[in-house]
Number of protein chains: 2
Amino acid sequence: MTIKDIAKISGVSVSTVSRVLNNHPDVSEDVRRKVMAVVEEYNYIPNNSARSLGQSKSDNIGLIVRGISNPFYTSIIHEIEQDIEKAGYTLVMQQIGATEDELLAGAMMERDKRLLGLIFLGGRLDYTKEQIAAISVPFVSCSSNNAYGSLDDTCYSSVSIDDTQTAYEAVKELYKEGHRRIAVLLARPDDGSVSQIRYEGYVKALTEVGMVPTEDLIMSVDSYNIADAYHGTKAWLDKGIAFDAIFAIADNLAMGAMRALREKGIIVPKDCSIVAIDGIEVSEYMAPALSTYCQPMEELGKTSVDLLIDLIEKKGEHRQIILPTIFREGETIAVR
Amino acid sequence: MTIKDIAKISGVSVSTVSRVLNNHPDVSEDVRRKVMAVVEEYNYIPNNSARSLGQSKSDNIGLIVRGISNPFYTSIIHEIEQDIEKAGYTLVMQQIGATEDELLAGAMMERDKRLLGLIFLGGRLDYTKEQIAAISVPFVSCSSNNAYGSLDDTCYSSVSIDDTQTAYEAVKELYKEGHRRIAVLLARPDDGSVSQIRYEGYVKALTEVGMVPTEDLIMSVDSYNIADAYHGTKAWLDKGIAFDAIFAIADNLAMGAMRALREKGIIVPKDCSIVAIDGIEVSEYMAPALSTYCQPMEELGKTSVDLLIDLIEKKGEHRQIILPTIFREGETIAVR
DNA sequence: CTGAAAGCGCTTACAG
DNA sequence: CTGAAAGCGCTTACAG
């Protein structure tokens with residue numbers, strides 16, 4: 001069943017069917033009704049590949065989301081959907097796996113869907129100017145910036161929190177409450193990822209108060225998985241190193257650690273305080289509830305869309321926007 | 001940059017470029033190298049819409065996933081990806097929102113991508129024969145069956161657990177451990193969804209032991225959100241109804257309830273036992289760890305793929321496969 | 001308001 | 001091994 005069949009059955013031309021399907025105003029009510037009746041009777045659905053091939057331009061904005069299971073993205077995506085819709089554009093979303101190339105995915109989508117612009121959610125963005133050249137529409141990176149890339153500020157846009165600063169604040173908070181043996185729980189400290197830049201905030205805070213970051217207080221686990229954090233923490237605890245607090249660079253890691261602590265009979269926060277960054281929903285349901293610095297999810301999404309649309313409509317330049325985090329007080333920080 | 005440009009620059013025909021790009025064997029090494037050099041130099045990426053339009057058939061299998069944030073699906077999806085790849089097919093995945101029409105999404109994808117078959121993950125599948133007619137390739141519903149639809153067994157395939165039976169077992173377990181005031185926590189009991197069929201298991205178990213399911217022990221919340229479960233439970237607790245256990249029809253609901261209980265000073269499992277169904281990862285990290293009946297995620301995925309491929313290759317008929325759940329013992333069931 | 005025709009960027013028999 | 005040409009299913013000026 002193609003548009004040709006519908007045309008034949010309705011007794012009109014293919015052009016007319018196309019007009020009806022696309023709600024063009026210049027079709028008589030009579031013909032419109034007739035065509036729609038056939039369309040419904042035969043349950044006709046246009047081929048989108050053909051449609052986007054035929055179109056010379058679209059009103060599509062692409063969203064590439066890295067990491068299918070990250071609960072952290074859910075509300076950001078929702079916000080982005082809403083705002084793009086509201087602005088009169090159409091969202092085309094695609095999820096990619098942790099190991100896939102987001103730039104390639106974006107470049108492909110750009111061609112296939114004739115995108116006007118792109119948003120990358122949760123990408124790494126430690127790219128070079130050459131790599132970025134693969135995509136030729138405006139784009140903004142949401143929730144991560146180019147902290148470890150070599151791009152200058154005039155050639156990309158991003159909306160994110162200040163990871164280092166937030167980590168710095170979190171650790172300072174622990175210090176202020178009297179903690180002096182603060183361990184850091186992270187995933188691969190040298191992968192140019194968020195793990196690394198948050199770790200730098202930890203180091204900065206310790207250094208500032210005259211403490212020396214030591215190797216033995218670094219708990220490095222394999223991934224951001226809750227299970228890996230659990231096993232990693234357990235192994236670290238077996239070393240018997242003294243500590244009175246943990247700064248986890250992500251809620252997910254903190255949740256894994258909490259189980260490990262509990263199994264070892266270490267009471268949070270009496271024996272060990274914990275603070276993290278992210279503010280995903282479920283961490284508030286832990287017992288005790290996790291104290292954490294929340295990313296402003298809705299704001300991240302909204303700001304990304306605004307920025308991109310300005311770029312598309314030539315109303316703005318590339319910018320790197322930093323949004324503040326919000327501390328969510330849970331029950332995992334004690335006063336020493 | 002199109003295939004035509006590449007052809008011109010390389011000094012060969014469009015057909016030849018296409019052959020190189022698709023790894024056809026009948027191209028001389030010389031030409032292949034020359035073309036690839038140009039492709040790389042110009043960073044050429046083929047247009048997929050045009051590609052699938054041009055092809056008369058593909059080796060694509062579609063996966064429609066309902067509910068972007070459901071952590072329960074992550075490992076199922078991963079398994080499906082692997083198995084489809086292994087069988088020599090190509091996976092095309094799409095996420096849809098809770099309110100979108102999965103059948104429509106499937107039908108569109110079927111045309112756009114020239115699918116050989118489809119897997120629906122987390123759909124409702126309470127469809128009629130007419131509605132199903134929209135899609136004309138074989139498909140299987142993963143993780144939900146047609147319990148409330150009107151399809152006869154010969155026209156659809158599904159792989160799922162036995163929801164009613166599992167709920168029945170869960171409640172019987174609570175009863176066996178001495179609980180006599182068992183509340184049920186569910187989301188909209190009459191929406192033809194999994195909530196309803198699990199609720200029936202609850203009723204069946206109570207009835208079997210001579211207890212009468214009463215209205216006051218039904219905690220019905222708005223959605224499967226953890227937050228809704230939390231608020232709903234809190235409101236229900238305010239009524240002051242006596243109870244000694246909760247059967248939650250989903251882990252997510254149980255987690256929300258646990259926080260509400262804790263805030264009211266009700267100790268789990270001393271004052272109230274809890275058992276749920278699903279077995280998502282994070283519920284094992286609650287304190288206390290949730291006791292729950294796990295869906296066999298990998299098995300669900302694997303079996304769906306096997307079934308679909310048999311259907312595609314005409315080696316099998318439509319079947320409805322029921323997989324057993326596995327009880328994960330946590331710390332939320334006490335003996336009364 | 002409607003239709004014929006060109007074109008979107010590919011693939012794929014068909015010849016050679 | 002390579003190329004010319006038709007075709008995939010749409011859209012969109014261009015005429016009328």
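No hydrogens, no waters, no symmetry mates; every other heavy atom, side chains included, goes into these values. Just so it is clear, the model here is predicted, and its values are computed rather than measured. Residue numbering restarts at 1 for every chain, and letters A, B, ... go by the order of the sequence lines.
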Inset, instruction - Could you pick out which residue, B:Gln55 or B:Val31, lies toward the 5' side of DNA chain D when each is mapped onto its nearest nucleotide? - result: B:Val31

Legend entry - Validation row: B:Leu53, B:Arg114 side chains within 4.5 angstrom (heavy atoms): yes

Legend entry - Distance-only side-chain donor-acceptor flag, B:Thr90 / B:Asp59, under 3.5 Å: yes

Inset, instruction - For B:Ser18, answer base if it contacts any base atom (sugar-phosphate contacts may also be present), sugar-phosphate if it contacts only those atoms, and nothing otherwise; contact means non-hydrogen atoms under 4.0 Å. - result: base

Inset, instruction - Select base, sugar-phosphate, or nothing to describe what B:Val14 touches, counting heavy atoms under 4.0 Å on all strands. - result: base

Legend entry - Residue list, salt bridge (charged side-chain N to carboxylate O under 4.0 Å, His left out) with A:Asp26, at least two apart or on another chain: none

Inset, instruction - Could you list the residues that satisfy side chain to side chain contact (heavy atoms under 4.5 Å, CB included) with A:Asn22, not counting sequence neighbours? - result: A:Ser18, A:His24, A:Arg51

Legend entry - Positions of residues 21-30 of chain A (non-hydrogen atom under 4.0 Å from DNA chain C), listed by number: A:Asp26, A:Val27, A:Ser28

Legend entry - Closest non-hydrogen atom pair, B:Ser143 against B:Gly122: OG-N, 3.5 Å

Inset, instruction - Identify whether any heavy atom of B:Arg19 sits under 4.0 Å from a base atom; if not, whether one sits that close to sugar-phosphate; answer base, sugar-phosphate or nothing. - result: base

Inset, instruction - Taking atom types as modelled, find out whether A:Ser28 and A:Asp30 have a side-chain donor-acceptor pair closer than 3.5 angstrom. - result: no

Inset, instruction - Go through the structure and list residues passing ring-ring contact (aromatic ring centres under 6.0 Å, His included) with B:Phe120, not counting sequence neighbours. - result: B:Phe139

Legend entry - Contact summary for A:Thr303 and A:Glu299, nearest pair of heavy atoms: OG1-O, 2.6 Å

Inset, instruction - Fill in the dot-bracket string of DNA chain D, one character per base: . for unpaired, | for a pair to another strand, ( ) or [ ] for pairs within the strand, taking Watson-Crick or G-U pairs under 3.5 Å. - result: |||.||||||||.|||

Legend entry - Distance, nearest 0.5 Å, that separates CD of A:Glu102 from CD of A:Gln131: 10.0 Å

Inset, instruction - For atom CD of B:Glu317, decide whether the heavy atoms of other residues, nucleotides or ligands shown that lie under 6.0 angstrom number more than 12. - result: no

Legend entry - Flag side-chain contact, heavy atom, 4.5 Å: B:Ile77 against B:Val65: yes

Legend entry - First of A:Thr2 and B:Val12 reached from the 5' end of DNA chain D, by closest nucleotide: B:Val12

Inset, instruction - Would you classify B:Ser15 as touching base, sugar-phosphate or nothing, given that sugar-phosphate means primed atoms plus P, OP1 and OP2, and contacts are heavy atoms under 4.0 Å? - result: base

Inset, instruction - Using a heavy-atom cut-off of under 4.0 Å over every strand shown, decide if B:Arg32 touches base, sugar-phosphate, or nothing. - result: nothing

Legend entry - Opening and closing nucleotides of DNA chain C in contact with chain A, under 4.0 Å to non-hydrogen atoms: C:dC1 to C:dG9

